[in-house]
Participant: 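Before anything else, here's the structure in question.
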Amino acid sequence: MVVLDCSWEEIKTLVGEISKDELKSICFKYGLDVNIQDDLVSFEVTSERSDLYTIHSISFLINQIRGRSQVVSPDFDKIDFDVRIESNKRNKIILLVLELERNNPNIVKEIAQLTDKTSDSLGRRRKIAGVGAFDFDKIKPPLIYKKVDDISFVPLGFNKEFSLKEILENTFQGRTYDIKEYFAWFSDKDVVALVPIINADKFSVNENTKRILFEISGEDEYVVNNIATSILFNAKLLGKVYAIKGFEPKIIERSLEFDYNLISDLLGKEIQRDIAIENLAKLGFECKFNGNKMIVKVPFYRQDVISYADIADEILRLQGTEYVGYETPKTFNKGEFIKSEPLIEAIREILISLGFQEVDSSVLSSKLYQEDIIQEKGIRAGEFYLKQYIYPELIKFYKNNKDKEGPYYFFDIGYTIKKDPSVDVKYKNVLSLSLFIADEKRNVSWLVAILKEIASRVMNKEIKIENSSHPSFIEGRFAKLFINDKYIGLAGEIHPKILNELSLDLPVSVLEIMLE
Amino acid sequence: MDSNYNLSETDILVIKSILQNKKVEEIEGNKDSIINSARKLASLGIVEFNRTAIPKIVLTERGEEALKRGLPEVILFNFIKTNNKRDELEKSGLSKEEINAAIGVLTRGGFIKIDKDQIVILKDIDELNKKFEKLNEIKLNGIKNEYFDEFLKRGLIRIEEEEKINLTLTEEGKKIASNLGNLEGYVSNLNKEIIKNYKNYKFRAYDLNSTPYILYNGRNLVKYFIDEVRKIMFSLGFQEMSSNYVEEVFWNYDVMMFRQNHPDRDIQDTIYLDEKGDLDISLLERVKEVYLNGIKGLSFGYGGKFDESESSKLILRGHTTATTFRYLYYVISKNLDKNYRFFSVSKVFRNEAIDFKHLREFYQIEGMIYEDGLSVRSLIGYIKEFYKSLGIDKIQVKPTYNPYTEPSFEIIGFYDKINDWVEIGNSGMFRKETLYPLGINKNVAGFGLALERALMLKYGIDDIRLINGSESDLDIIRKYKAFKLW
């Protein structure tokens with residue numbers, strides 16, 4: 001999501017007479033998020049619309065929706081300029097020149113938004129491609145791109161010269177990029193930019209700039225071209241655009257041809273052809289019919305439009321979703337829960353009637369709970385350890401709430417994550433039940449008695465209990481549980497050393513079984 | 001002992017404790033029962049019950065949070081040191097409201113200035129660190145200092161009246177106390193011997209109005225709510241899907257045509273495991289083909305590059321749509337002639353900063369429909385039915401963007417409680433690019449919503465962390481043990 005701010009006056013200048021309610025209503029219908037607070041207008045642009053990275057292009061869209069369409073062609077003239085690539089690590093470079101048509105007090109902000117948003121989103125924070133903007137009239141040929149070991153220049157926003165080392169240490173941008181080799185643009189002997197880190201102050205765009213050079217470069221030709229397409233469209237709304245010979249963008253224009261019935265099948269309502277043509281024309285799409293085939297020429301800057309569904313979406317956005325109405329489901333289907341549902345319900349009922357509180361324990365946990373206490377190798381995911389057993393989470397829940405009034409009888413029926421090499425993702429969710437009590441009067445024997453009751457009454461099984469030992473439990477008060485000789489879980493009283501570590505002062509007993 | 005007084009064990013304990021000059025809070029036992037007993041004794045003229053309220057400054061939850069995490073302005077300042085882009089401040093983990101307030105404090109104090117899209121640091125924040133210490137001082141001492149007014153205005157502190165109860169024996173009480181020794185012959189618990197010789201014993205009275213037993217059993221609010229939603233889905237003819245929290249990048253992103261090296265994938269901050277899963281290579285190849293070259297007569301595809309080296313990486317799923325796509329492939333594509341409705345209410349995971357309305361793990365409600373003649377029109381019908389069952393009659397759908405559906409709609413519902421429209425879900429028609437590699441030609445629709453968001457709205461819960469997982473607040477869970485949801 002990209003956010004663009006501007007003043008209400010700016011919108012009125014670019015869009016013409018419009019009320020705030022009208023703007024909100026247009027944006028709501030089209031699905032463009034806008035927030036207007038007093039004089040400040042903020043637009044939230046979704047990630048597919050890389051054409052909408054300036055207030056000019058957003059205003060252009062609003063004007064289109066209001067029926068004040070203009071056509072922006074992908075054409076550009078080429079100009080000669082002496083550009084020398086003396087090193088070519090970043091292998092795709094496009095150079096565009098924008099000649100501004102009029103003085104625009106907001107031009108510096110618009111250009112900064114355009115270069116930053118395209119570099120950050122499409123260029124992945126300049127990791128695969130980036131854009132720089134410079135005052136073209138200050139650049140003296142030849143413009144040279146080469147590898148540098150050390151340079152010295154005044155970076156943008158500073159008033160003294162920095163060496164390469166100082167830039168890397170003392171500027172935000174320098175600290176951000178982890179690069180092994182450094183490349184720079186030079187105008188004659190002056191540094192224009194250390195790519196993609198920081199531009200030189202001398203060549204920066206200001207209110208008096210007449211011609212702007214956009215330098216778009218990166219390792220991925222496809223991404224560089226996408227960014228150049230967005231820059232070309234947005235720049236065309238600000239003036240005349242040229243490309244430097246040998247560094248032109250490859251503009252892709254698409255024409256979609258599909259069966260028009262697909263649109264009504266998708267929307268559930270027939271859209272008359274003239275309505276479709278009118279709506280699409282407003283947005284700059286050229287369309288015609290050949291029998292039942294619809295042929296749509298997509299504006300070059302709409303890189304997001306790749307299929308008939310995108311065309312249906314555009315028609316609907318202009319027409320309004322209420323146009324298709326709705327119909328209630330006609331067919332009959334039988335609902336179905338997962339197969340363990342009756343078991344879960346029966347167990348829950350027994351436990352609540354015995355005075356237990358249901359808990360919904362977390363999956364993301366820590367080493368202490370899901371490795372140290374369980375005494376098994378933890379399953380790591382980033383900084384987290386995943387829930388292999390529920391009982392440590394119930395201990396954590398009790399620890400977080402020990403200042404609350406008792407009794408502390410808790411249970412959770414939920415999914416644990418267990419290693420299983422037979423599934424494609426190597427781990428599977430296993431439905432498990434865990435019981436927890438922190439009580440001076442009752443102990444693990446009570447929990448085992450409850451389990452036996454559940455096993456015989458609900459599961460029609462007999463539980464086999466095998467005394468065992470576990471470092472986190474009191475010796476002689478820990479058992480492994482089996483059904484038909486298959487291990488299903490454990491029961492025991494937590495060792496005081498764990499209780500002391502966690503600052504717990506009531507005896508704690510737990511029981512846990514896998515239900516599947 | 002005056003036979004007119006039917007004193008319970010707790011009453012006797014209270015009288016004895018007053019004789020021993022114990023304060024109320026020093027009397028052992030259930031506090032509620034003790035207070036109830038003291039009130040009863042006061043009404044009988046046995047004790048004098050004096051209550052005084054002493055004003056005390058305490059930290060609010062926000063204040064406690066600020067002490068735990070740091071003041072919002074300090075968090076924001078430290079964040080700005082590493083990222084000074086104005087439209088990325090939400091990555092600091094602060095809410096919009098906190099960011100606005102923090103910017104106000106930092107700007108007014110001359111620590112920062114806003115320069116176009118960037119925030120420029122003007123001076124360091126030693127003064128703010130002092131403010132932090134002063135907040136801690138209030139927590140420790142509960143007394144005013146120079147930041148009292150600011151903290152109060154910002155909701156970091158509040159004034160509470162601490163209640164002190166003082167009990168003294170009346171003249172009548174002193175008489176009764178002097179006779180307490182006579183109670184020695186009274187018994188509480190019966191046994192075989194006492195029952196046999198009951199004539200030799202007097203039984204101590206119990207005050208059944210102040211029982212020491214409290215039952216705190218019940219369902220968990222979140223799980224109860226999940227079951228209500230599941231029942232609604234069941235009643236609408238949906239079958240429940242089962243799934244795994246651990247998923248592959250392929251099923252979470254690739255199969256849904258989330259564009260590679262594109263902001264689309266920033267929608268979810270993924271949590272990775274250090275392992276890889278097994279891929280269905282032929283399916284991966286089909287997805288890759290459509291991604292790069294599209295579908296003849298239907299789509300151009302996305303072009304560029306398709307890097308499959310990431311596809312088998314294991315992650316915690318960022319959305320349950322990963323499960324939906326597994327069902328599309330493993331169930332529906334093998335039974336293309338049948339109609340299906342599937343649903344799940346299950347956990348998803350994002351590596352995001354936690355705050356009062358954002359969690360790292362939360363529940364997603366998901367519905368998917370595969371049937372003849374399905375369209376946007378019928379999808380909106382399903383959405384209306386679903387939300388009507390949840391008690392939300394007024395809904396609007398607004399066009400939006402979603403990488404794997406087109407058209408896509410944000411669902412906005414009107415909540416009477418707050419008298420406003422709020423975003424409650426998302427929906428759309430699955431793109432053909434996502435269905436074609438699975439061998440599915442019919443239209444498929446999906447919708448989903450975040451369960452906790454609906455819960456917050458329903459119960460007016462301001463801080464979602466209070467009912468989240470192992471960190472939940474036991475008192476809040478108990479508060480909601482008996483309720484009617486919709």
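Note that these values count all heavy atoms, side chains included, but never hydrogens, waters or copies made by symmetry. A, B, ... follow the sequence lines: proteins, then strands. Residue 1 opens every chain.
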Participant: Could you tell me which portion of B/Leu316 (side chain, backbone, both or neither) has an atom closer than 4.5 angstrom to a non-hydrogen atom of chain A?
Facilitator: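 Contact with chain A is through the side chain of B/Leu316 alone.
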Participant: What part of B/Phe238 is in contact with chain A, defined as an atom under 4.5 angstrom from a non-hydrogen atom: side chain, backbone, both or neither?
Facilitator: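 For B/Phe238, the contact with chain A is made by the backbone alone.
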Participant: Between A/Leu386 and chain B, which part of the residue has a heavy atom less than 4.5 Å away: side chain, backbone, both or neither?
Facilitator: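 Just its side chain gets close to chain B.
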Participant: Where on B/Glu385 is there a heavy atom nearer than 4.5 Å to chain A: the side chain, the backbone, both, or neither?
Facilitator: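 Side chain only.
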Participant: Do you know which of B/Lys85, B/Gln239, B/Gln118 has the most heavy-atom pairs under 4.5 Å to chain A?
Facilitator: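 Most pairs with chain A among the choices: B/Gln239.
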Participant: Do the numbers put B/Arg431 on top of the ring of B/Tyr404, so that NZ or CZ is under 6.0 Å from the six-membered ring centre and no more than 45° off the axis?
Facilitator: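 Ring-cation test returns no.
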Participant: Parallel, tilted or perpendicular, judged at 30° and 60°: which one describes the rings of A/Phe436 and A/Phe410?
Facilitator: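 Answer is parallel, since the angle falls under 30°.
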Participant: Please classify the contact between A/Glu257 and chain B as side chain, backbone, both or neither, with a heavy-atom cut-off of under 4.5 Å.
Facilitator: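 For A/Glu257, backbone heavy atoms alone lie under 4.5 Å from chain B.
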Participant: For B/Arg317 versus B/Ser243, what's the shortest heavy-atom pair and its separation?
Facilitator: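 Closest heavy-atom pair between B/Arg317 and B/Ser243: NH1-OG, 2.8 Å.
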Participant: My understanding is that only residues two or more places apart in sequence, or in another chain, count here; which of them pass salt bridge (Lys or Arg N to Asp or Glu O under 4.0 Å) with A/Lys29?
Facilitator: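 With sequence neighbours excluded, A/Lys29 shows a salt bridge (Lys or Arg N to Asp or Glu O under 4.0 Å) to no residue whatsoever.
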Participant: Taking side chain as everything from C-beta outward and backbone as N, CA, C, O, which of these in A/Leu32 sits under 4.5 Å from a heavy atom of chain B? Side chain, backbone, both or neither.
Facilitator: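 For A/Leu32, no heavy atom lies under 4.5 Å from chain B.
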Participant: Below 4.5 Å, heavy-atom pairs only: which of B/Ser472, B/Ser242, B/Gly277, B/Gly297 has the largest tally toward chain A?
Facilitator: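 Looking at each option in turn, the highest pair count goes to B/Ser472.
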Participant: Counting only heavy atoms closer than 4.5 Å, note whether B/Met241 contacts chain A via side chain, backbone, both or neither.
Facilitator: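 Only the backbone of B/Met241 comes within 4.5 Å of chain A.
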Participant: Checking B/Asn351 against chain A: side chain, backbone, both or neither under 4.5 Å from a heavy atom?
Facilitator: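 Contact with chain A: side chain only.
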Participant: Checking heavy atoms, do the side chain of A/Tyr369, its backbone, both or neither come under 4.5 Å from chain B?
Facilitator: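 Nothing of A/Tyr369, per the 4.5 Å heavy-atom cut-off to chain B.
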Participant: Name the region of A/Lys334, side chain, backbone, both or neither, that has any atom closer than 4.5 Å to a heavy atom of chain B.
Facilitator: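 Just the backbone, heavy atoms under 4.5 Å.
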Participant: For a quick check under 3.5 Å, do A/Asp360 and B/Tyr363 share a side-chain donor-acceptor pair by atom type?
Facilitator: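 There is such a pair (donor and acceptor under 3.5 Å, judged by atom type) between the side chains of A/Asp360 and B/Tyr363.
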Participant: Counting only heavy atoms closer than 4.5 Å, note whether A/Glu314 contacts chain B via side chain, backbone, both or neither.
Facilitator: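 Neither part, no heavy atoms under 4.5 Å.
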Participant: Shorter than 4.5 Å, heavy atoms on both sides: which option in B/Ser470, B/Gly237, B/Pro407, B/Ser408 has the most such pairs with chain A?
Facilitator: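 If we count pairs closer than 4.5 Å to chain A, B/Ser470 comes out on top.
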Participant: Tell me whether the rings of B/Tyr370 and B/Tyr340 are parallel (<30°), tilted (30 to 60°) or perpendicular (>60°).
Facilitator: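 Tilted.
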Participant: Taking B/Val397, B/Leu379, B/Val222 one by one, which has the highest count of heavy-atom pairs under 4.5 Å against chain A?
Facilitator: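 It is B/Val397.
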Participant: Taking the six-membered ring for Trp, are B/Phe234 and A/Phe337 ring centroids under 6.0 Å apart?
Facilitator: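 Yes, the ring centres sit under 6.0 Å apart.
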Participant: Between A/Leu266, A/Asn400, A/Thr321, which shows the greatest number of heavy-atom pairs under 4.5 Å with chain B?
Facilitator: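 Winner by heavy-atom pair count: A/Leu266.
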Participant: Is it the backbone or the side chain of A/Val2 that comes under 4.5 Å from a heavy atom of chain B, or both, or neither?
Facilitator: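 Interface part for A/Val2: neither.
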Participant: Using a 4.5 angstrom heavy-atom cutoff, name the option from B/Lys81, B/Glu406, B/Glu433 with the most pairs to chain A.
Facilitator: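 Result: the option with the highest number of such pairs is B/Glu406.
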Participant: If you round to the nearest 0.5 Å, how far is CG of B/Asn441 from CG of B/Asn443?
Facilitator: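 Interatomic distance, B/Asn443 CG to B/Asn441 CG, rounded to 0.5 Å: 10.0 Å.
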Participant: Will you find, in the side chains of A/Gln370 and A/Ser365, an N or O donor that is under 3.5 Å from an N or O acceptor?
Facilitator: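 Distance-only check fails for A/Gln370 and A/Ser365.
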Participant: Might you point out which heavy atoms bring B/Leu236 and B/Phe386 nearest each other, and give the distance in Å?
Facilitator: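 Looks like CD1-CA, 3.8 Å.
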Participant: Under 3.5 Å, is there a donor-acceptor pair between the A/Ser307 and B/Lys432 side chains?
Facilitator: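 No, no side-chain donor-acceptor pair sits under 3.5 Å.
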Participant: Please look at B/Asp372 and chain A and tell me whether the side chain, the backbone, both or neither of the residue comes under 4.5 angstrom of a heavy atom of that chain.
Facilitator: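 Interface part for B/Asp372: neither.
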Participant: Is it the side chain or the backbone of B/Gln396 that comes within 4.5 Å of chain A heavy atoms, both, or neither?
Facilitator: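 It is the side chain, since no backbone atom gets that close.
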Participant: Side chain, backbone, both or neither: which part of B/Ile271 has a heavy atom under 4.5 Å from chain A?
Facilitator: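 Contact with chain A involves the side chain of B/Ile271 alone.
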Participant: Got B/Asp227 and A/Arg348 here, is their nearest side-chain heavy-atom distance under 4.5 Å?
Facilitator: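 Yes, side chains in contact.
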Participant: For chain A, find which of B/Gly294, B/Gly303, B/Ala445 contributes the most heavy-atom pairs closer than 4.5 angstrom.
Facilitator: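 Of the candidates given, the most pairs with chain A belong to B/Gly303.
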Participant: Heavy-atom distance under 4.5 Å to chain A: side chain of B/Ile383, backbone, both or neither?
Facilitator: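 For B/Ile383, neither part sits under 4.5 Å from chain A.
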Participant: With heavy-atom distances below 4.5 Å as the criterion, would you say the side chains of B/Lys398 and B/Glu423 are in contact?
Facilitator: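 Not touching, per the 4.5 Å side-chain cut-off.
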